[in-house]
2 protein chains.
Amino acid sequence: MATTTAAQRREQARADYDAFLRACPSHQLLGRLSDKWVGLVIAALSGGTKRYSDLGRQIAGVSPKMLTQTLRTLERDGIISRTVTPSVPVRVDYDLTPLGTSLATLLTAVKDWAETHFEEVRAARERYDTENPT
Amino acid sequence: MATTTAAQRREQARADYDAFLRACPSHQLLGRLSDKWVGLVIAALSGGTKRYSDLGRQIAGVSPKMLTQTLRTLERDGIISRTVTPSVPVRVDYDLTPLGTSLATLLTAVKDWAETHFEEVRAARERYDTENPT
DNA sequence: CAGGATCCCAGCTGATACTG
DNA sequence: CAGTATCAGCTGGGATCCTG
């Protein structure tokens with residue numbers, strides 16, 4: 001025996017890794033933040049309470065499905081709050097919770113870093129591309 | 001006519017949005033950071049210089065392909081440096097650049113936020129799930 | 001107005017095999 | 001040792017149609 005192939009070991013490692021990732025808060029958060037629409041939604045809500053259709057209009061190109069999906073996961077995570085007003089067309093307002101606000105702060109920090117260093121990154125890319133014409 | 005359907009308008013909006021996103025540094029950065037392996041690689045390299053196979057071993061479950069791909073994009077962005085030593089088996093060392101180090105700092109900030117607030121998120125999820133048995 | 005349900009395609013991921 | 005090349009599978013996201 002001892003036929004522990006590299007593949008088997010990697011498979012095992014992957015299982016461990018997956019379990020680890022699922023339990024890893026920072027990675028979960030990263031996944032959330034980078035989710036295609038999450039950043040936009042949070043940014044939009046930083047401007048105050050918004051209705052569903054306001055968000056749909058303000059965030060260019062989002063489909064109803066993705067908007068709803070995004071809002072739902074954010075609501076589930078306690079990042080935003082959803083308020084239904086049973087008037088005659090229904091009215092639903094979304095807002096940032098305190099937790100969401102603190103997350104928005106973090107997002108701003110990331111944005112600042114990006115804006116500060118983006119020129120460096122751009123230059124690095126250009127250098128790399130001219131050096132590796134592939 | 002004026003048959004500008006909702007779909008058409010969304011399509012147009014989507015084009016604008018895509019162009020916007022491609023030009024948006026913070027969103028690009030977010031995408032990078034949340035990339036499945038990027039966080040792990042940066043974390044691994046925070047411990048100092050590492051060889052290709054070291055990284056492959058330290059990061060459980062990564063395939064050679066993804067490891068290479070991740071390293072390449074990070075190198076292109078000027079986040080890590082790649083040093084080839086043409087000995088008789090070849091030897092390649094990876095390291096964080098100053099830019100990469102500052103990014104690692106940001107990553108740490110995200111990690112701290114996640115660890116600080118994860119319990120709140122977990123609680124919010126539990127509440128949401130018990131309230132919405134679907 | 002605010003969504004739910006369904007179908008479907010593209011792209012990324014990963015496994016495997018091969019090379020300088 | 002440090003990759004590259006190829007192929008298959010899955011999942012995310014959008015389009016579309018429908019409801020309370």
Side-chain angles (χ1 to χ4, degrees), chain A residues 5-18 21 31-32 34-41 49-76 80-95 132 134, chain B residues 5-18 21 31-32 34-38 40-41 49-75 80-95 132 134:
Chain A
T5 65
Q8 286 176 321
R9 270 180 280 109
R10 232 202 347 262
E11 191 182 5
Q12 176 57 38
R14 224 174 72 73
D16 295 351
Y17 161 82
D18 283 345
L21 263 209
R32 269 291 110 86
S34 74
D35 194 298
K36 203 174 174 191
W37 307 103
V38 167
L40 287 304
V41 168
T49 306
K50 289 270 174 359
R51 301 180 53 174
Y52 182 87
S53 43
D54 288 338
L55 290 170
R57 234 168 293 114
Q58 180 167 350
I59 302 173
V62 70
S63 65
K65 174 185 172 182
M66 290 321 292
L67 182 55
T68 300
Q69 194 178 102
T70 305
L71 291 169
R72 281 287 129 68
T73 61
L74 289 178
E75 186 198 355
R76 190 172 106 99
I80 66 178
S81 65
R82 176 170 178 272
T83 313
V84 182
T85 308
S87 49
V88 168
V90 203
R91 173 202 178 96
V92 182
D93 289 289
Y94 290 93
D95 212 338
N132 306 44
T134 305
Chain B
T5 65
Q8 287 175 320
R9 270 181 280 111
R10 237 207 338 269
E11 190 181 5
Q12 177 55 38
R14 225 174 70 73
D16 296 350
Y17 161 81
D18 284 346
L21 261 209
R32 272 287 111 84
S34 75
D35 193 297
K36 204 175 175 190
W37 306 104
V38 166
L40 287 303
V41 167
T49 306
K50 289 269 174 0
R51 300 179 54 174
Y52 182 87
S53 44
D54 288 338
L55 290 170
R57 234 169 291 114
Q58 182 168 346
I59 301 173
V62 71
S63 66
K65 175 185 171 181
M66 290 319 292
L67 182 54
T68 300
Q69 193 176 104
T70 304
L71 292 169
R72 283 286 130 71
T73 61
L74 289 178
E75 187 199 355
I80 65 177
S81 65
R82 177 170 178 272
T83 313
V84 182
T85 309
S87 50
V88 168
V90 204
R91 174 201 177 95
V92 181
D93 289 288
Y94 290 94
D95 212 338
N132 306 45
T134 306

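Sequence lines set the chain letters: A, B, ... in the order given, protein chains first and strands last, and positions in each chain run from 1.
Side chain of A/Arg51, nearest nucleotide from D/dG3, C/dC1, D/dA15: C/dC1. Of the candidate nucleotides D/dA15, C/dT13, C/dG3, D/dA15 has the atom lying nearest to any side-chain atom of A/Lys65. Among the nucleotides C/dG4, C/dA2, D/dA15, the one closest to the side chain of A/Arg82 is C/dA2. Checking D/dT4, D/dG13, C/dA2 against the side-chain heavy atoms of B/Pro64 singles out D/dT4 as nearest. Nearest to the side chain of B/Tyr52, among C/dT13, D/dG3, C/dA2, sits D/dG3. For B/Asp35, taking side-chain heavy atoms from C-beta onward, the closest of the listed nucleotides C/dT13, D/dT4, C/dA15 is C/dT13. Considering only side-chain atoms of B/Val90, the nucleotide from D/dG14, C/dG20, D/dT4 that sits closest is C/dG20.
With contacts defined as side-chain heavy-atom distances shorter than 4.5 Å, the pair A/Leu55/A/Leu40 does not qualify. Looking at heavy atoms from C-beta onward, A/Ile80 lies out of side-chain contact with A/Asp95 at the 4.5 angstrom threshold. Annotation: side chain of B/Arg32 is not in contact with side chain of B/Asp35 (no heavy-atom distance under 4.5 Å).
For the pair B/Asp54 CG and D/dC1 C1', the computed distance is 11 Å after rounding to whole Å. In this entry the distance linking NZ of A/Lys36 with C1' of D/dT11 reads 14 Å, nearest Å. Between B/Ile59 atom CD1 and D/dA2 atom P the separation is 14 Å, expressed in whole Å. Per the geometry, NZ belonging to B/Lys50 stands 17 Å off P belonging to D/dC1, to the nearest Å. D/dG3 atom C1' lies 10 Å from atom CG of B/Leu67, rounded to whole Å. Between A/Asp93 atom CG and C/dC1 atom P there is a gap of 14 Å when expressed in whole angstrom units. Rounded to whole Å, atom P of C/dT6 lies 15 Å from atom CD of A/Gln69. Rounded to whole Å, the distance from CZ on B/Arg91 to C1' on D/dA2 is 13 Å.
Comparing A/Met66 and B/Arg57 by the nucleotide of DNA chain D that holds the closest heavy atom to each, the one mapping nearer the 5' end is B/Arg57.
The backbone N or O of A/Leu67 sits nowhere less than 3.5 Å from a side-chain atom of A/Tyr52 that would complete a donor-acceptor pair.
Using a 4.0 Å cut-off, some side-chain N or O of A/Ser53 falls inside it from OP1 or OP2 of C/dA2. Proximity of A/Trp37 to the phosphate of D/dG12: no side-chain N or O atom is located under 4.0 Å from OP1 or OP2. Residue B/Arg72 places at least one side-chain N or O under 4.0 Å from the OP1 or OP2 atom of D/dT4.
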Solution key, residues 82-92 of chain A side-chain donor-acceptor pairs under 3.5 Å, sequence neighbours excluded:
residue: A/Arg82; atom: NE; partner: A/Tyr94; partner atom: OH; Å: 3.3
residue: A/Ser87; atom: OG; partner: A/Thr85; partner atom: O; Å: 3.4
residue: A/Ser87; atom: OG; partner: A/Pro89; partner atom: O; Å: 2.8
residue: A/Arg91; atom: NE; partner: A/Asp93; partner atom: OD2; Å: 2.9

